[in-house]
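One-based numbering, in listed order, for ligands and for the atoms of each.
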Amino acid sequence: MFSPRLIARLYSAESVAVLTGAGVSAESGVPTFRGENGVWKKFKSEELANFDAFMRNPELVWEWYRHRKEIIAAIQPNAGHYALADLEKHYRRFSIITQNIDNLHRRAGSKEVYELHGNIERNYCISCRKQFPNQEILSKPGIPRCSDCDGLIRPDVVWFGELLPPDVWDAAAEAAAHADVFFSIGTSAIVYPAASLPIMAKHAGAYLVEINPDPTPITDSADEFIGGKSGEILPQLLQEITRKG
Ligand code: OAD
């Protein structure tokens, strides 16, 4: 299933970076954003994932995020997340750059994780930036307010039109620039700037591998496209590397 070239590259690599998207969590039961049953097919992103919408109707936005938080709290990492966490142990540097906000990479044991779009388990006050854990938010009904300054609390996720956290972006871009092998897994590779990372890595000399059941706009630029589900392919890849190593 895996080309000798990929295995040789992975065997000699010192630094590996992985960009993940919603597809990596699909087998855990988190719906993806696009595609047949995608979240953005049923709900309007401009009414739910944008700061103006939040200021206009915080009740609606919080109803949506309470629902998302409850779904995510109830699910578990899948075999793909665990295989990535295991692969990390075989490299001097192994970075996960994720667009997912579900915290499943960390829960699976990955250590170097750059969360480009935030983390749904965190929340903060938009006035004084005090942080609030989910337990505190979910234990009370209604729109959450800051215990210090009464400001509105929002989930710590990046909404449409917002900048990515600059320190996280810088670290992700640096990991991409120094990767010997770069994987793009379970992402439609259309949301920027995240989608620019695989191409940046390739231009900097990385061997670019894509894992996805369907091709994406970066497939033609990839050195290899492996068609299929990450929860099935990644454990097999781990087995191959462990056997050789
Ligand atoms: P998408 O929903 O756009 O794409 C999911 C990708 O996963 C598709 O290319 C699917 O083919 C693929 N896929 C589905 N099942 C899979 C599986 N089992 N294994 C591997 N791949 C699978 O999700 P993202 O690319 O993550 O942004 O979307 C990027 C951003 O758009 C999200 O972070 C979110 C969204 O709006 C924000 O909320 C800021």
Side-chain angles (χ1 to χ4, degrees), residues 1 18-54 61 64-65 67-69 71-72 75-84 96-105 108 113-123 154-166 168-169 172 183-199 209-222 224-238:
M1 165 183 240
V18 183
L19 173 69
T20 66
V24 165
S25 297
E27 288 153 273
S28 293
V30 186
T32 59
F33 292 96
R34 298 168 185 87
E36 231 176 282
N37 295 312
V39 170
W40 297 149
K41 282 265 152 66
K42 294 188 219 144
F43 303 97
K44 290 197 173 110
S45 58
E46 62 274 18
E47 283 172 14
L48 298 168
N50 128 357
F51 188 73
D52 291 341
F54 178 63
V61 174
W64 160 253
Y65 274 98
H67 174 64
R68 297 270 296 160
K69 280 171 191 281
I71 293 180
I72 287 168
I75 50 124
Q76 303 301 329
N78 64 53
H81 294 106
Y82 286 117
L84 287 172
I96 304 262
I97 304 162
T98 188
Q99 298 164 88
N100 300 342
I101 58 175
D102 56 28
N103 206 30
L104 291 181
H105 286 300
V113 183
Y114 303 122
E115 294 163 323
L116 294 178
H117 294 166
N119 183 320
I120 199 160
E121 293 190 0
R122 299 191 304 251
N123 310 273
R154 64 169 279 178
D156 191 357
V157 298
V158 175
W159 283 331
F160 287 97
E162 293 183 326
L163 295 176
L164 306 193
V168 180
W169 172 256
F183 286 93
S184 180
I185 310 178
T187 175
S188 55
I190 57 172
V191 174
Y192 281 79
S196 62
L197 290 167
I199 305 302
V209 184
E210 184 177 43
I211 301 176
N212 197 310
D214 299 314
T216 74
I218 65 155
T219 305
D220 286 346
S221 308
E224 292 200 21
F225 173 76
I226 304 173
K229 296 180 173 178
S230 51
E232 292 169 6
I233 290 168
L234 288 169
Q236 293 174 45
L237 188 63
L238 172 69

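- Residue Glu27 touches ligand 1 through its side chain alone, judged by heavy-atom distances below 4.0 Å.
- Contact atoms of ligand 1 toward Gly21: 26 (O) (distance under 4.0 Å to a heavy atom of the residue).
- Residue Pro213 has at least one heavy-atom neighbour below 4.0 Å for each of these atoms of ligand 1: 13 (N), 16 (C), 20 (C), 21 (N), 22 (C).
- Asn50 places no side-chain N or O within 3.5 Å of a backbone atom of Trp159 that could act as its donor or acceptor partner.
- Closest heavy-atom approach to atom 16 (C) of ligand 1 within the set Gly118, Gly23, Gly80: this belongs to Gly23.
- Within the 4.5 Å cutoff, the side chain of Arg154 has no heavy atoms near those of the Val61 side chain.
- Backbone and side-chain nitrogen or oxygen atoms of Phe33 are examined, and one is located within less than 3.5 angstrom of a nitrogen or oxygen of ligand 1.
- Between Val157 and Tyr65, some side-chain heavy-atom pair lies under the 4.5 Å cut-off.
- At a heavy-atom distance under 4.0 Å, only side-chain atoms of Phe160, from C-beta outward, approach ligand 1.
- Contact annotation: for His117 versus ligand 1, heavy atoms closer than 4.0 Å belong to the side chain alone.
- In this structure the side chain of Tyr192 never reaches within 4.5 angstrom of the side chain of Leu164, judged on heavy atoms.
- Residue-ligand proximity, Val158 to ligand 1, at heavy-atom distances under 4.0 Å covers atoms 39 (C).
- Atoms of ligand 1 found under 4.0 Å from any heavy atom of Asp214, numbered from 1 in the order shown, are 11 (O).
- A distance-only check finds a donor-acceptor pair linking the side chain of Asn212 to the backbone of Thr187 [under 3.5 Å].
- Contact atoms of ligand 1 toward Ala22: 23 (O), 24 (P), 26 (O) (distance under 4.0 Å to a heavy atom of the residue).
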